[in-house]
Amino acid sequence: MHDDIIEVELEEEPIELCKLLKVLDLAEGGGHAKLLIADGYVGVNGELCTQKRKKIYAGDTVHFDGDTFLMSAAENMVQREQHKAPAPKAPKAKQAAPAKQAAKPAAAKKAKKKTSNRDENTGRKPISFG
């Protein structure tokens, strides 16, 4: 067992655990990294972790093969924005539509015709080798 802590500077945050193992050359490839994680060879912050795509941030520690890796932020680190769900909108009270708008027929709306460049016989899109 090694007692040293190896500091790793993250240039992007977060990074997925399986990608981190590949970048640190602890796994031969993505499939190997996922297998190591699923089999319980990797710990995150002192606990066993089997989540292959666990998000790792600066300040987290990763334990693998007797080594401890401490994640730290690089000076020029790029933080990816988290995908946030839009806030639910309050339902609008329905107002009576003016008489002019209600009188318009549905046929007055222009229907966009979807043009497809697919082959009629096979249904495939054309391939260009240009």
Side-chain angles (χ1 to χ4, degrees):
M1 289 276 178
H2 305 172
D3 294 311
D4 295 334
I5 294 178
I6 302 167
E7 186 174 349
V8 178
E9 288 188 356
L10 297 176
E11 292 179 3
E12 285 186 358
E13 187 178 65
I15 185 169
E16 295 175 354
L17 182 57
C18 60
K19 291 181 182 178
L20 179 67
L21 293 179
K22 285 184 352 184
V23 169
L24 296 176
D25 283 333
L26 300 174
E28 295 174 8
H32 185 233
K34 289 177 182 180
L35 183 67
L36 290 171
I37 296 167
D39 287 346
Y41 289 104
V42 181
V44 175
N45 296 329
E47 296 180 5
L48 179 68
C49 181
T50 57
Q51 298 177 23
K52 299 170 186 122
R53 294 187 173 232
K54 172 134 178 87
K55 307 291 187 244
I56 304 297
Y57 296 92
D60 287 342
T61 57
V62 176
H63 308 280
F64 178 75
D65 196 29
D67 293 325
T68 302
F69 299 90
L70 175 63
M71 304 300 126
S72 64
E75 291 179 17
N76 59 348
M77 181 175 72
V78 177
Q79 278 193 327
R80 296 182 202 163
E81 291 188 33
Q82 297 294 326
H83 181 69
K84 296 179 182 176
K89 295 181 182 179
K92 294 181 182 178
K94 290 190 176 185
Q95 298 176 354
K100 289 182 180 178
Q101 288 181 357
K104 288 184 180 179
K109 293 181 181 180
K110 292 183 180 179
K112 290 186 178 180
K113 198 171 199 180
K114 200 172 193 181
T115 58
S116 178
N117 58 353
R118 294 179 182 256
D119 188 311
E120 292 178 6
N121 297 329
T122 62
R124 295 182 179 168
K125 289 184 179 181
I127 300 174
S128 67
F129 296 99

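Quick note: residue numbers are just sequence positions, from 1.
- Residues L36 and F64 form a side-chain contact, since some pair of their non-hydrogen atoms from C-beta on lies under 4.5 Å apart.
- Remark: L70 CG to I6 CD1 distance equals 10.5 Å, nearest 0.5 Å.
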Worked check of side chain to side chain contact (heavy atoms under 4.5 Å, CB included) between T68 and V62: CA-CA 6 Å; T68 302; V62 176; over 6 Å; no
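- Applying the salt bridge (charged side-chain N to carboxylate O under 4.0 Å, His left out) test to residues at least two apart or on different chains, none of the pairs has a partner in residues 34-47.
- In terms of heavy atoms, T50 sits closest to A38 at CG2-O, 4.2 Å.
- Applying the side chain to side chain contact (heavy atoms under 4.5 Å, CB included) test to V8 and every residue at least two apart in sequence or in another chain returns L24, F69, M71.
- The shortest side-chain heavy-atom distance between L21 and V42 falls under the 4.5 Å cut-off.
- If you take CG on L20 and NZ on K54, they are separated by 12.5 Å, rounding to the nearest 0.5 Å.
- Without hydrogens or angle criteria, N45 side chain to T61 main chain gives a donor-acceptor distance under 3.5 Å.
- Here E7 pairs with S72 under the side chain to side chain donor-acceptor pair (under 3.5 Å) rule; sequence neighbours left out.
- How far CD of E16 is from CD1 of I37: 9.5 Å, rounded to the nearest 0.5 Å.
- The two residues A58 and L10 make their nearest non-hydrogen contact at N-CD1, 3.8 Å.
- One finds the SG atom of C49 at 10.0 Å from the CG atom of D60 (value rounded to the nearest 0.5 Å).
- Considering CD1 of I56 and CG of L17, their distance stands at 5.0 Å, rounded to 0.5 Å.
- A distance-only check finds no donor-acceptor pair linking the side chain of H63 to the backbone of V44 [under 3.5 Å].
- The NZ atom of K19 sits 7.5 Å away from atom NZ of K55, with the distance rounded to the nearest 0.5 Å.
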